[in-house]
Amino acid sequence: MRRALRQRAERRQLMTAEPYVLGELRRLRARVPQLTGALAASVDGLVLAHDTGDTEPDSVAALTAAALGVAVRLTDATGRGGFRELLVRGEHGYVATYAAGVSAVLTLLAEPRVNVGRLHLEGRRSGARIAELVDGALDPTS
């Protein structure tokens, strides 16, 4: 019971960062025009903010949480340290997920013609910014 109450309180705190996170997502999409979507989610699959167009954000957040679970186990099992990022290339583009602090992730959807180096550079920067926003919302002393 206490755990459920604590999780609800954390979710409410995370949602206070939503307008700031959404602003960061929009700035990111402006910097990388080949992005077709951007989503910030909690590590357990709760959408924090999204700019995803026609893509269903709740589904993407849930799948991101599942992929994150596998990626974390894989990096741990192979001795590669904590999760930082995951890149998937499909026939019609890329899905990239970046760590955004301890409680959030950033998932980007990109066209196949995106410059992957630029995608990583901007994704990592935005992940760090989102981490500041989200972790700050969870820190009662900030």
Side-chain angles (χ1 to χ4, degrees), residues 3-142:
R3 183 173 181 227
L5 291 173
R6 188 176 70 243
Q7 285 176 334
R8 278 192 211 138
E10 285 178 359
R11 285 183 178 161
R12 278 193 298 271
Q13 288 172 311
L14 286 174
M15 297 316 288
T16 64
E18 179 184 7
Y20 306 105
V21 173
L22 183 57
E24 179 60 31
L25 296 180
R26 289 183 175 152
R27 287 187 296 278
L28 172 61
R29 288 199 60 190
R31 291 190 309 267
V32 184
Q34 297 81 20
L35 287 182
T36 58
L39 173 132
S42 67
V43 293
D44 62 352
L46 173 72
V47 175
L48 301 177
H50 67 91
D51 186 4
T52 55
D54 294 338
T55 305
E56 173 56 42
D58 291 323
S59 297
V60 174
L63 289 168
T64 295
L68 177 63
V70 172
V72 166
R73 285 193 300 259
L74 182 61
T75 57
D76 185 50
T78 58
R80 299 300 180 242
F83 171 79
R84 293 290 177 254
E85 59 197 46
L86 173 68
L87 180 68
V88 177
R89 180 179 174 208
E91 290 179 24
H92 304 292
Y94 295 88
V95 178
T97 299
Y98 301 91
V102 296
S103 56
V105 291
L106 169 66
T107 296
L108 305 177
L109 310 175
E111 297 173 354
R113 63 188 180 92
V114 72
N115 177 319
V116 176
R118 178 78 187 269
L119 177 69
H120 283 320
L121 175 71
E122 297 294 347
R124 290 169 186 154
R125 284 181 180 166
S126 286
R129 178 68 183 129
I130 290 168
E132 291 172 4
L133 295 168
V134 170
D135 292 347
L138 289 174
D139 183 5
T141 61
S142 62

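Starting from 1, each residue takes its place in the sequence as its number. Since the structure is predicted, the reported quantities are computational estimates derived from the model, not experimental observations.
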Practice problem: Determine whether E24 and V21 make a side-chain contact, defined as any pair of heavy atoms from C-beta on separated by less than 4.5 Å. | Solution: no
Quiz item: Between atom NE2 of H120 and atom CD of E85, what is the distance when rounded to the nearest 0.5 Å?
Solution: 5.0 Å
Quiz item: Do I130 and Y98 have side-chain heavy atoms sitting under 4.5 Å apart?
Solution: no
Quiz item: Within a strict 4.5 Å, meaning less than it, do heavy atoms of the L39 and L108 side chains meet?
Solution: no
Practice problem: Could you go through the salt bridge (Lys or Arg N to Asp or Glu O under 4.0 Å) check for E111 and R89 one step at a time? | Solution: CA-CA 10 Å; E111 297 173 354; R89 180 179 174 208; over 6 Å; no
Quiz item: Are any non-hydrogen side-chain atoms of V134 and L48 less than 4.5 angstrom apart?
Solution: yes
Quiz item: Looking only at heavy atoms, what is the nearest atom pair of L35 and A110, with distance?
Solution: CD2-CB, 3.9 Å
Quiz item: If you take all heavy atoms of A96 and L119, which pair is closest and at what distance?
Solution: CB-CD2, 4.0 Å
Could you go through residues 55-74 and list every donor-acceptor pair under 3.5 Å that involves a side-chain atom there, pairing it with any protein atom two or more places apart or in another chain?
| unit_1 | atom_1 | unit_2 | atom_2 | d |
| --- | --- | --- | --- | --- |
| E56 | OE2 | D58 | N | 3.4 |
| T64 | OG1 | V60 | O | 2.8 |
| T64 | OG1 | T107 | OG1 | 3.0 |

Quiz prompt | Distance (rounded to the nearest 0.5 Å) between R129 CZ and R27 CZ | solution = 7.0 Å
Exercise. Write down the atom of A131, the atom of G101, and the distance for their closest heavy-atom approach.
Key: CB-N, 3.2 Å
Quiz item: Looking at side-chain heavy atoms only, is the closest gap between S126 and R31 below 4.5 Å?
Solution: yes
Quiz item: How far apart are the closest heavy atoms of H50 and V47, and which atoms are they?
Solution: CD2-CG1, 3.9 Å
Quiz item: At their closest point, which heavy atom of V43 faces which heavy atom of A104, and how far apart are they?
Solution: CG1-N, 3.8 Å
Quiz item: If you round to the nearest 0.5 Å, how far is CZ of R29 from CG of L109?
Solution: 8.5 Å
Quiz item: Taking side chain as C-beta onward, heavy atoms only, is D135 less than 4.5 Å from S103?
Solution: yes
Exercise. Measure the spacing between CG of L106 and CZ of R125 and express it to the nearest 0.5 Å.
Key: 14.0 Å
Exercise. Check for a donor-acceptor pair, side chain of T75 on one end and backbone N or O of G81 on the other, with a separation under 3.5 Å.
Key: yes
Self-check item: Beyond-backbone contact of L22 with R26, side-chain heavy atoms, under 4.5 angstrom
Solution: yes
Quiz item: Taking the side chain as C-beta and beyond, is there a heavy-atom pair between Y94 and L87 under 4.5 Å?
Solution: yes
